[in-house]
Undergrad: 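Attaching a single structure in structure tokens format; questions to follow.
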Amino acid sequence: MSIDTETVEKIARLARIKVTDTEKEKYSKELNNIIEWIEMLKDVDTDGIEPLTSVVDMTLYMREDEITDGNIQEKVLMNAPETAEGFFVVPKVLE
Amino acid sequence: MTALTDLTIKQALDGLNNGDFTSVELTNVHLDAIESAKELNAFVTNTPEQALEQAKASDTKRANGEVGVLEGIPIGMKDLFCTEGVQTTASSKILEGFTPQYTSTVAQNMFDQGAVMLGKTNLDEFAMGSSNMTSAFGNVINPWKRNNDNKDIVPGGSSGGSAAGVAARIMMGATGTDTGGSIRQPASFCGITGIKPTYGRCSRWGVIAFSSSLDQPGPFARTVEDNAIMLQAMAGFDKKDSTSVNRDVPNYMSAMTGDIRGLKVGIPKEYRVDGMPEEIESLWQQGIAWMKDAGAEIVDISLPHTKYALPTYYIIAPAECSSNLARYDGVRYGMRVNDGGNLDDMYEATRAAGFGDEVKRRIMIGTYVLSAGHYDAYYNKARRVRKQIWNDFNQAYKKCDVILTPTAPSAAFAMDDDMNDPIKMYLNDVFTVPASLAGMPGISIPAGLDKDGLPLGLQILGRPFDEETVFRTAGVLEEAANFTAVPQLIVQKAA
């Protein structure tokens with residue numbers, strides 16, 4: 001098995017999703033099945049093929065560097081679970 | 001007299017124009033229809049008060065001679081499009097209660113053209129699914145049923161609420177988004193028409209992101225012409241979306257000339273998949289015959305990398321989703337679960353509680369394929385194969401103008417059919433994903449019924465930014481198919 005429960009734990013940690021031991025087993029099985037299935041891409045010869053980034057052939061245009069929006073602090077904070085003094089509040093980061 | 005809910009958008013626009021009824025009347029009739037079809041669970045949020053306000057404003061506008069493309073037409077808005085002051089959830093618990101302070105460009109374009117929003121339609125959580133069964137706010141039920149069988153049928157996904165709602169005549173049209181088939185597959189399952197425009201045609205600004213290089217908004221309606229009207233209102237360049245394309249929007253509404261003489265219709269041999277029901281193959285053959293009868297030339301084409309499209313999609317879409325969904329961290333909006341631990345504990349607890357199973361699975365796959373040591377082997381490999389899929393289409397379009405295929409490999413399935421295998425579920429999108437990866441437009445048209453009486457769709461794909469030819473071909477196919485069957489729900493109500 002390429003994705004064991006330890007790997008699941010590592011991925012879940014990177015993705016910041018808490019997983020229980022039962023879930024680790026479940027995800028290990030499911031992710032292995034999916035990864036095994038997508039392994040079929042190994043059969044495709046892609047030598048010399050550039051990865052496709054955008055399906056639309058366009059270059060980004062330049063715009064004036066100017067302020068077009070702002071002064072909407074109240075709107076920005078409106079949906080936050082916790083705010084104080086015009087800031088988002090998070091659990092203590094520094095002791 | 002035909003019930004107002006049975007009218008097409010075009011007929012309703014004519015009726016409004018002639019003064020046969022007002023937008024308020026049309027809207028009220030649809031609000032009543034919604035009330036009597038609650039069991040479909042097509043909406044996450046109903047907005048009857050706003051709808052009536054918009055309808056009233058539209059009637060005033062019309063009286064003053066200002067008539068937009070969708071003036072006074074009641075529609076559903078997929079709950080993935082941000083709407084100022086109206087809860088927008090993406091059908092996820094993590095966004096329950098989220099009230100956007102701005103309106104997405106597509107929704108605004110439609111409002112500017114007179115659309116009346118009846119509510120926010122249900123979908124698979126974050127548009128990840130093909131059955132609408134991953135919604136945190138319950139399954140949507142397809143208004144169609146199998147003959148002599150009362151089992152609930154799925155509407156397809158991810159835009160299940162929009163498709164079911166349009167099919168059930170509780171809205172005249174609706175918005176959807178299509179990442180790998182989320183407009184075309186539910187349109188096929190619900191016996192209606194839906195188009196995924198070319199990537200870049202409709203702005204993604206204010207649409208909750210799933211996979212940014214694939215997501216594309218588009219409409220649902222009951223006719224090809226109505227889709228053209230809807231897309232006319234939705235499409236256009238938007239400088240707030242850097243992938244929106246700065247090209248004039250043609251007049252889609254005049255594209256359905258009915259004439260496809262000499263048009264080259266490509267038939268890809270790779271779309272004959274193992275285990276595809278005989279009736280889908282024969283419907284496809286019927287579609288080919290209809291095209292020939294209308295004077296089109298049938299051309300055999302090859303899209304050699306078709307079988308690699310799904311695994312490619314299931315690397316690229318989860319990779320982009322793992323990155324897009326990193327923003328749901330319990331800090332700026334949405335749910336927060338704080339069990340007294342540190343910041344990381346809060347993130348982990350919030351995301352564990354807020355996301356459903358399929359979303360978590362895709363975030364984990366995405367995180368894995370993007371992680372150190374796997375990036376080249378999976379993510380870059382998939383992007384290289386994607387380029388070859390794109391090349392396949394470009395080669396094909398040297399030989400043909402449009403491509404005709406079935407929309408999905410089966411009719412809609414029942415909710416209690418075995419769907420525990422994610423890969424089996426992913427196969428629903430086998431015919432829709434390739435064009436998504438290549439960014440090309442595609443429409444699904446209801447073309448027949450299966451042996452159980454469920455609708456089946458045919459898909460027409462076109463060249464980038466050539467929605468006009470797609471509409472023109474679809475118009476001819478629609479006329480030939482003459483699909484008049486209606487869902488059992490409608491039949492029962494009429495009885």
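A note on names: the letters A, B, ... follow the listed sequences, proteins ahead of strands, and every chain is numbered from 1. What you see is a predicted model, and the numbers here were worked out from it, not measured in a lab.
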Undergrad: Go through the atoms of B/Ile315 and report whether side chain, backbone, both or neither lie under 4.5 Å from a heavy atom of chain A.
TA: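 The side chain, not the backbone.
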Undergrad: Who are the side-chain contact (heavy atoms from CB on, under 4.5 Å) partners of B/Ala326, not counting sequence neighbours?
TA: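 B/Ala326 satisfies side-chain contact (heavy atoms from CB on, under 4.5 Å) with no other residue.
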Undergrad: Less than 3.5 Å apart and able to act as donor and acceptor by atom type: which atom pairs between chain A and chain B qualify?
TA:
| unit_1 | atom_1 | unit_2 | atom_2 | d |
| --- | --- | --- | --- | --- |
| A/Arg13 | NH1 | B/Glu348 | OE2 | 2.3 |
| A/Arg13 | NH2 | B/Asp344 | OD2 | 3.3 |
| A/Ala15 | O | B/Arg351 | NE | 3.0 |
| A/Ala15 | O | B/Arg351 | NH2 | 3.0 |
| A/Arg16 | O | B/Arg351 | NE | 3.1 |
| A/Arg16 | NE | B/Asp344 | OD1 | 2.8 |
| A/Lys18 | N | B/Glu348 | O | 3.2 |
| A/Lys18 | NZ | B/Asp339 | OD2 | 3.2 |
| A/Lys26 | NZ | B/Asp357 | OD1 | 3.1 |
| A/Lys26 | NZ | B/Asp357 | OD2 | 2.7 |
| A/Tyr27 | OH | B/Asp357 | OD1 | 3.3 |
| A/Glu30 | OE1 | B/Arg361 | NH1 | 2.8 |
| A/Glu30 | OE2 | B/Arg361 | NH1 | 3.2 |
| A/Glu39 | OE2 | B/Tyr378 | OH | 2.6 |
| A/Val44 | O | B/Lys381 | NZ | 2.7 |
| A/Asp45 | O | B/Gln388 | NE2 | 2.9 |
| A/Thr46 | OG1 | B/Lys381 | NZ | 3.0 |
| A/Ile49 | O | B/Arg384 | NE | 2.8 |
| A/Leu52 | N | B/Arg383 | O | 2.9 |
| A/Thr53 | OG1 | B/Arg383 | NH1 | 3.0 |
| A/Asn79 | OD1 | B/Thr99 | N | 2.8 |
| A/Asn79 | ND2 | B/Thr99 | O | 2.7 |
| A/Ala80 | N | B/Arg332 | O | 3.3 |
| A/Glu82 | OE1 | B/Arg336 | NH1 | 3.3 |
| A/Val89 | O | B/Arg336 | NH1 | 3.1 |
| A/Val89 | O | B/Arg336 | NH2 | 2.6 |

Undergrad: Atom CD1 in B/Ile316, atom CG in A/Leu52: separation rounded to 0.5 Å?
TA: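 If we round to the nearest 0.5 Å, B/Ile316:CD1 and A/Leu52:CG are 7.5 Å apart.
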Undergrad: Relative to chain B, which of A/Val90, A/Leu31, A/Ile49, A/Leu14 shows the most heavy atom pairs under 4.5 Å?
TA: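 Of the options given, most contacts go to A/Ile49.
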Undergrad: Considering only heavy atoms and a distance below 4.5 Å, find which of A/Val76, A/Val56, A/Val89, A/Val44 pairs most often with chain B.
TA: A/Val44
Undergrad: Within the supplied structure, the quantity of interest is the number of heavy atoms (other residues, nucleotides, ligands) at a distance under 6.0 Å from A/Phe88 CZ; does it exceed 12?
TA: yes
Undergrad: Measure B/Ile389 against the heavy atoms of chain A and call it side chain, backbone, both or neither at under 4.5 Å.
TA: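 For B/Ile389, neither part sits under 4.5 Å from chain A.
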Undergrad: At a 4.5 Å cut-off on heavy atoms, which part of B/Met346 comes close to chain A: side chain, backbone, both, or neither?
TA: side chain
Undergrad: Chain B heavy atoms under 4.5 Å from A/Met40: which part of the residue, side chain, backbone, both or neither?
TA: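 Both backbone and side chain.
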Undergrad: Quick check on A/Leu60 against chain B: is it the side chain, the backbone, both or neither that has a heavy atom closer than 4.5 Å?
TA: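 Side chain only.
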Undergrad: Tell me, out of B/Ala349, B/Ala438, B/Gly200, B/Pro464, who's got the most heavy-atom pairs with chain A below 4.5 Å.
TA: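 Most heavy-atom pairs within the cutoff with chain A belong to B/Ala438.
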Undergrad: For A/Ile17, which atoms come within 4.5 Å of any heavy atom of chain B: side chain, backbone, both, or neither?
TA: both
Undergrad: If you round to the nearest 0.5 Å, how far is CD1 of B/Ile365 from CD1 of A/Ile11?
TA: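 Atom-to-atom, A/Ile11:CD1 and B/Ile365:CD1 are 9.5 Å apart.
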Undergrad: Heavy atoms only: give me the nearest A/Pro81-B/Gly334 pair and the separation to one decimal.
TA: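 For A/Pro81 and B/Gly334, the tightest heavy-atom pair comes out as CG-O, 3.5 Å.
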Undergrad: Let me know if A/Val93 has heavy atoms under 4.5 Å from chain B in its side chain, its backbone, both or neither.
TA: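 The side chain, not the backbone.
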Undergrad: Sort B/Ala382 into side chain, backbone, both or neither according to what part of it lies under 4.5 angstrom from a heavy atom of chain A.
TA: both
